[in-house]
Amino acid sequence: MNLPPNVTARAFARLAAINAGKAPQALRVAVEGGGCSGFQYDIRLDQPAADDLVIEGEGQKVLIDPVSLPFLSGATIDFTDELIGARFVVENPNASSSCGCGVSFAM
C-alpha cells in the first residue's frame, strides 16, 4: 500500500507566498531516473493532470503523478530556508542513500 506523502504547513505557506497575487499553480513533486544516486526529484510549478494525486492545504495544491507515488510513499515534503539557500525538500524514508545536495537518491 502506498501511503501519500505528508506536506508540512511550512511547505504550503511557502507555496502560498509564491502564488500570492497571481493565478495559483500547484507544486509538482516527481521522481525521475538519473542524478548521482540513481533517482532524482523534479520539483516545479505545474497544473494538475487527470491522474495526479492532489494533496491540498492552506488553499494550495501539491501534485504527485502515479508513477512517482510508490517512490514517495510516506515521505515528507517540506520547505527549508538555510544559509545555503531556500528550497523545497523531500525527506524520504524509502531512500537507502542520497547525494550531498539532497536532489538525488537510491533505493
Side-chain angles (χ1 to χ4, degrees):
M1 176 179 200
N2 293 322
L3 299 173
N6 175 52
V7 181
T8 66
R10 189 172 38 225
F12 279 127
R14 179 61 184 144
L15 185 56
I18 291 169
N19 282 323
K22 56 185 172 186
Q25 291 192 322
L27 182 72
R28 178 171 299 282
V29 180
V31 173
E32 299 177 340
C36 41
S37 296
F39 296 99
Q40 63 187 1
Y41 298 111
D42 177 21
I43 301 174
R44 59 189 155 88
L45 296 176
D46 201 3
Q47 294 298 319
D51 58 350
D52 284 337
L53 169 68
V54 179
I55 304 168
E56 296 187 62
E58 298 185 30
Q60 304 299 309
K61 295 178 182 179
V62 174
L63 311 172
I64 311 291
D65 66 84
V67 173
S68 299
L69 184 57
F71 296 100
L72 296 170
S73 180
T76 298
I77 300 165
D78 197 5
F79 181 78
T80 183
D81 189 359
E82 301 171 344
L83 287 174
I84 60 171
R87 63 190 173 126
F88 289 98
V89 295
V90 179
E91 297 171 18
N92 193 339
N94 305 303
S96 60
S97 65
S98 64
C99 66
C101 65
V103 173
S104 68
F105 66 100
M107 292 185 81

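Quick caveat, the model's predicted, so the values are computed rather than measured.
Nearest heavy-atom pair, D52 versus Q47, reported as atom, atom and distance to 0.1 Å: OD2-O, 4.4 Å. In terms of heavy-atom proximity, L53 sits nearest to P4 at CD2-CB, 3.8 Å. Smallest separation of non-hydrogen atoms from A75 and P93: CA-CD, 3.6 Å. Between D65 and A30, the shortest heavy-atom distance links the atoms OD2-CB, 3.5 Å. Closest heavy-atom contact between F79 and A86: CZ-CB, 3.6 Å. Contact between Q25 and L15 at its shortest, heavy atoms only, is O-CD1, 4.0 Å.
Within the model, atoms CG of L69 and CD1 of I64 stand 7.0 Å from one another, a figure rounded to the nearest 0.5 Å. Atoms NZ and CG, on K61 and N19 in that order, are 11.0 Å from each other to the nearest 0.5 Å. The distance from the CZ atom of R14 to the OG1 atom of T80 is 12.0 Å, given to the nearest 0.5 Å. Here the OH atom belonging to Y41 is positioned 9.0 Å from the CD1 atom belonging to I77, to the nearest 0.5 angstrom. To the nearest 0.5 Å, atom CD of residue E58 and atom CZ of residue R10 are 12.0 Å apart. The distance from the CG atom of L27 to the CD1 atom of I55 is 10.0 Å, given to the nearest 0.5 Å.
Salt-bridge annotation for R87 and D81: absent, with no side-chain N of the basic residue lying under 4.0 Å from a carboxylate O of the acidic one.
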Checklist entry - Passes side chain to side chain contact (heavy atoms under 4.5 Å, CB included), D42 versus V31? Steps please. => result CA-CA 6 Å; D42 177 21; V31 173; over 6 Å; no
Item to check | side chain to side chain contact (heavy atoms under 4.5 Å, CB included) between V90 and T76, worked out | outcome: CA-CA 6 Å; V90 179; T76 298; over 6 Å; no
Next on the checklist: I'd like to know whether V7 forms a side chain to side chain contact (heavy atoms under 4.5 Å, CB included) with F12, so could you lay out the CA-CA distance, the side-chain angles of the two residues, the decisive distance to 0.1 Å, and finally the verdict.
Outcome noted: CA-CA 7 Å; V7 181; F12 279 127; 3.6 Å; yes
Checklist entry - Run the side chain to side chain contact (heavy atoms under 4.5 Å, CB included) check on L63 and V29 step by step: do they pass? => result CA-CA 6 Å; L63 311 172; V29 180; over 6 Å; no
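The cluster map of Ile, Leu, Val, Met, Phe, Trp and Tyr, joined by side-chain heavy atoms under 4.5 Å apart, puts F88 and L45 in the same cluster.
Not a single donor-acceptor pair under 3.5 Å links the side chain of R28 to the backbone N or O of D46.
Using cut-offs of 30° and 60° for the angle between ring planes, the F39 and F71 rings count as tilted.
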